[in-house]
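What follows is a set of notes on a single structure, which appears directly below.
In this chain, numbering begins with 1 at the start of the sequence shown. One-based numbering, in listed order, for ligands and for the atoms of each.
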Amino acid sequence: MKRYTLLLLSVLLVLGLLLSACAKATPTAAPQPEKTEQPQATEAPATEVQPAKEIVFYNWSEYIDPEIYTLFEKETGIKVVEDNFSSNEELLAKLQGGATGYALIVPSDYTVKIMIDQNMLAPLDQDKIPNLKNLAERFRNLYYDPGNKYCIPYQWGTTGIGYLDGQVDKPESWSVLFDPDPNAPYYGRMTMLDDAREAFAAALIYLGYDANTTDEKQLEEAKQALIRAKAALSGYDSDTYEDLLASGENLMAHGWNGDFLQAQEENENIAYTIPKEGGVIWVDNVCIPATVTPEQKLAAEMFLDFILRPDIGAMISEFNYYATPNKAAEANLDADFLNDPAVYPPQKVLDRLQFIKPVGDAEANYQRMWDEVKAAP
Ligand code: N2P
């Protein structure tokens, strides 16, 4: 009996020693001065996050003046590297496929909504972005991100038709694409955006339907219209179509207003119009993917604050010819730009524009039918 008690005591002793050794081995982040009377810190003191030295900006092509990166790096020491995508669907698929490393992305309105709903975005620390105050009031409570919790509106614009004035008549209707005249000079010298939702929106608007319909019969009709257009196209293109107009290789293109206005620098005969049936209006936004590290997030927020400055906001529009949601930047922009109806459409045109919206499960139908259009002879 006595022996058992002794054994039990020694077991307890060994256990006790082991436990106290473990407690001492618990790491504390900062070395503590050797003062035994001081209570042991149970948590590491919060070390301040330092911004990442380099971040990757996943953006549409030709959407930002590269000089802005130089200025930002001079001021902060942070290097911004750019990578490009051509459609919201490409951006979404890339991130859903597990791509990490992007600190900033530029989804359009409806894609912001999809990304927020799928927890793909990191909420902004607005204290780090004091220049948010420069944003025009009407861009602060958009349906897809009320209060700018996740994103900063970057630029906004419209989708219509660009053409070479003098070589083709002004396209009054989307019929130039969807019921093309084989004898017209532009036949075979046109492009459409390589973008499922934009392409369907154009066809649906031409047919007089809602750009976000989920009615399969209407979608089927739009698909047939897109297949008719295909015969008259030289290709689908979202990145170089404006250059192909500027060079005279093509005569007409479905595309975004600012891209055509940018290309006017090379060819002043480029014109832009929204056909009588209407077109698409959109707001692009800069957001931070949920997968960022705290260091990348801080650097990204510093960049967001930088581009919200009035002078930088103006540089963005001067480069890409898109309208700015940055109210304070307007003071630095030419009156000619601010009064250009191709950039800031008058109310009667705005009334004919539709936003692309998330369509839930019907998204898959759009995608399938777009694949069928692409596969059609
Ligand atoms: C810039 C493309 C504009 C983005 N080249 C359209 N959402």
Under 3.5 Å donor-acceptor pairs involving side-chain atoms of residues 370-377, not counting sequence neighbours:
from, atom 1, to, atom 2, distance (Å)
Glu372, OE1, Lys223, NZ, 2.7
Glu372, OE2, Arg368, NH1, 3.3
Lys374, NZ, Asp194, OD1, 2.8

Identify every side-chain donor-acceptor pair in residues 71-81 under 3.5 Å, counting partners at least two apart or on other chains, and give the distances.
from, atom 1, to, atom 2, distance (Å)
Glu75, OE1, Arg309, NH1, 3.4
Glu75, OE2, Arg309, NH1, 3.0
Thr76, OG1, Phe72, O, 2.7
Thr76, OG1, Ile78, N, 3.1

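Within the structure, the side-chain hydrogen bond (donor to acceptor under 3.5 Å, both in side chains) test picks out the following pairs touching residues 195-209 (sequence neighbours left out): Thr159-Glu198, Asp179-Tyr206, Arg197-Asn212, Glu198-Trp256, Tyr209-Glu221.
Judged by distance alone, the side chain of Lys297 and the main-chain N or O of Pro123 form a donor-acceptor pair under 3.5 Å.
A salt bridge links Asp117 with Lys113: the closest approach of a Lys/Arg side-chain nitrogen to an acidic carboxylate oxygen falls below 4.0 angstrom.
For the pair Ala199 and Leu193, the tightest heavy-atom approach, listed with the atom from each and the gap, is CB-O, 4.4 Å.
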Are any protein N/O atoms closer than 3.5 Å to the N/O atoms of ligand 1? If there are, list each pair with names and the distance to one decimal place.
from, atom 1, to, atom 2, distance (Å)
ligand 1, 5 (N), Ser61, O, 2.7
ligand 1, 5 (N), Asp259, OD1, 3.1
ligand 1, 5 (N), Asp259, OD2, 3.2
ligand 1, 7 (N), Asp284, OD1, 3.3
ligand 1, 7 (N), Asp284, OD2, 2.8

